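Here the structure comes first, spelled out in structure tokens, and everything after it is commentary.
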Amino acid sequence: MTKRLTDVARKAGVSEATVSRVLNGRGGVSEATRTAVLTALDVLGYERPTKLRGERARLVGLVLPELQNPIFPALAEVVTGSLAQRGFTPALCARTIGGVSESDYVDMLLDHQVSGIIFAGGSYALGDASHEHYRRLTDRKLPVVLVNAGVEELTFPRVSTDDAVAVEQAHGHLRSLGHERIGMVLGPEDHVPSQRKLAAMARIARWADGGQEVERTSFSMEGARVAATKLVRRGVTGVICASDVLALGTVRAVRRLGCAVPGDVSVVGFDDSAFMTCTDPPLTTVRQPIEMMGQAAVDLLVTQIEGGGVLADELLFEPELVVRGSTAPVPGGGPGRSRSR
């Protein structure tokens with residue numbers, strides 16, 4: 001008990017006596033101080049006294065699929081900063097292969113009486129994944145916001161980049177450079193944002209069979225290298241990728257085939273994550289408006305936490321094409337040529 005009092009007092013910036021008064025439900029403590037003590041208790045992982053467990057902490061979970069892709073740390077920076085400005089303490093939960101699952105993180109956050117949760121890149125975007133842990137949140141009426149498209153059966157508010165506009169921008173750019181054989185490297189078949197990108201491409205490019213120049217993979221450079229190799233061998237001269245990580249894997253694939261980017265194959269990414277100006281060549285990509293999306297996600301969540309109503313609709317944000325060195329006119333100035341490597 002003494003160690004707990006000391007730890008919580010240090011975290012909250014108050015005296016141990018003040019912590020004791022809060023935990024014992026005594027008066028003489030301001031609401032702001034009381035909130036700070038309870039939040040510190042939750043963040044440090046200490047169990048609340050029984051009489052305080054029914055109260056939600058001013059603690060908000062941010063659940064991410066990983067931190068290796070720079071787009072997720074960028075989103076975390078926006079969300080955590082905005083939450084702190086609103087008086088909430090962010091709890092960052094990043095999944096790892098073979099580590100804590102999204103469902104387990106949900107259980108942990110519920111145990112800590114969080115006020116709400118923001119998800120990004122979770123299993124809500126995969127049609128074949130289990131969604132039972134989201135239903136637990138619905139049953140508890142916990143405020144939730146999803147970042148980027150999810151399966152339709154989940155009725156949480158969503159903040160998304162307009163995938164159709166992103167494809168229109170990327171395809172239009174490659175066509176303006178003379179590319180006719182344009183392919184796509186996308187995520188898994190049940191990945192909703194990838195489905196949206198493919199539907200937009202099929203409409204724009206008038207693909208009769210819905211995607212003869214498409215390869216799917218996991219969101220990794222290694223998977224992208226295998227997928228892109230198949231496209232390049234089929235004679236594709238322009239590749240639109242569902243993420244910057246996939247685009248970098250595509251660049252690697254082109255080079256391993258003895259070709260050049262953009263001399264032989266042009267590559268367009270998606271995200272405009274950190275350091276894409278530092279790659280070789282600098283990556284042409286479609287920028288997600290992460291700052292606006294992160295702020296919107298926090299606004300929607302806080303409105304729910306404070307008892308306000310929000311529509312279970314999807315807010316679509318328009319992306320921006322950023323042209324750099326990974327795209328150039330089609331080789332020879334004409335239609336893509338076939339390759340037989």
Side-chain angles (χ1 to χ4, degrees), residues 61-66 69 71-72 74-76 78-79 95 102 106 116-135 137-138 143-171 184-204 210-211 214 216-219 240-247 268-273 285-301 304 310-321:
L62 173 60
V63 183
L64 304 175
E66 58 168 312
N69 184 336
I71 198 65
F72 293 116
L75 175 67
V78 175
V79 170
R95 305 197 310 274
E102 188 175 70
V106 166
I117 304 176
I118 295 174
F119 292 91
S123 56
Y124 62 86
L126 299 171
D128 296 337
S130 172
H131 300 133
E132 185 58 37
H133 52 291
Y134 299 119
R135 297 187 182 95
L137 300 176
T138 300
V144 171
V145 175
L146 308 179
V147 177
N148 279 326
V151 297
E152 290 298 327
E153 66 187 64
L154 298 175
T155 57
F156 301 124
R158 287 164 289 169
V159 175
S160 304
T161 298
D162 194 322
D163 290 301
V165 172
V167 171
E168 289 170 2
Q169 292 176 347
H171 183 268
M184 303 188 82
V185 176
L186 300 175
E189 289 191 14
D190 65 333
H191 183 244
V192 177
S194 291
Q195 292 174 351
R196 291 184 174 188
K197 290 180 174 70
L198 177 58
M201 186 67 168
R203 173 178 53 82
I204 297 167
V214 173
R216 295 183 176 277
T217 181
S218 61
F219 282 92
I240 299 172
C241 302
S243 76
D244 289 343
V245 171
L246 294 183
V268 181
F270 178 80
D271 283 338
D272 195 27
S273 46
T285 186
V286 179
R287 176 183 295 160
Q288 291 201 71
I290 289 298
E291 180 77 27
M292 291 188 293
M293 292 171 64
Q295 293 284 357
V298 171
D299 289 343
L300 285 171
L301 192 77
Q304 294 177 77
V310 298
L311 296 175
D313 291 335
E314 183 175 26
L315 298 181
L316 289 178
F317 287 78
E318 184 166 338
E320 176 189 0
L321 177 70

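Keep in mind the model is a prediction, meaning the values are calculated, not measured.
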If you round to the nearest 0.5 Å, how far is [atom2] of [Y] from [atom1] of [X]?
| X | Y | atom1 | atom2 | answer |
| --- | --- | --- | --- | --- |
| L300 | L311 | CG | CG | 9.5 Å |
| H191 | L198 | NE2 | CG | 13.0 Å |
| K197 | C241 | NZ | SG | 11.0 Å |
| F119 | L154 | CZ | CG | 10.0 Å |
| D272 | T285 | CG | OG1 | 5.5 Å |

Close side-chain approach of [X] and [Y], heavy atoms under 4.5 Å:
| X | Y | answer |
| --- | --- | --- |
| D162 | E318 | no |
| E153 | R135 | yes |
| I71 | D244 | no |
| F270 | L246 | no |
| R287 | Q169 | no |
| P65 | R95 | yes |
| F156 | L146 | yes |

Give me the atom names and distance for the closest heavy-atom approach of [X] to [Y].
| X | Y | answer |
| --- | --- | --- |
| F317 | A296 | CZ-CB, 3.7 Å |
| S123 | S130 | OG-O, 3.6 Å |
| L75 | A120 | CD2-CB, 3.5 Å |
| L64 | A76 | CD1-CB, 4.0 Å |
| P319 | V165 | CD-CG1, 3.8 Å |
| A170 | V268 | CB-CG1, 3.9 Å |

Legend entry - Residue pair L186, M201: steps toward the side-chain contact (heavy atoms from CB on, under 4.5 Å) verdict: CA-CA 11 Å; L186 300 175; M201 186 67 168; over 6 Å; no
Inset, instruction - Let me see the working for V78 and E291 under side-chain contact (heavy atoms from CB on, under 4.5 Å), right down to the final yes or no. - result: CA-CA 6 Å; V78 175; E291 180 77 27; 3.6 Å; yes
Inset, instruction - Apply the side chain to side chain contact (heavy atoms under 4.5 Å, CB included) test between V298 and each candidate in V159, V79, V145; give the one that qualifies. - result: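 Only one option passes, and that is V79.
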Inset, instruction - Take atom CD of E189 as the centre, draw a 6.0 Å sphere, and report whether it contains more than 12 heavy atoms from other residues, nucleotides or ligands. - result: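 Result for CD/E189: open.
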Legend entry - Partner of N148 by side chain to side chain donor-acceptor pair (under 3.5 Å), out of R196, R158, Q288: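 The residue from R196, R158, Q288 that satisfies side chain to side chain donor-acceptor pair (under 3.5 Å) with N148 turns out to be Q288.
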Legend entry - Trace of the side-chain contact (heavy atoms from CB on, under 4.5 Å) decision for R203 with E168: CA-CA 10 Å; R203 173 178 53 82; E168 289 170 2; 3.2 Å; yes
Inset, instruction - Report the C-alpha separation of Y134 and V144 in whole Å, then their side-chain angles, then the decisive distance to 0.1 Å, and conclude whether the side-chain contact (heavy atoms from CB on, under 4.5 Å) test is met. - result: CA-CA 9 Å; Y134 299 119; V144 171; 5.8 Å; no
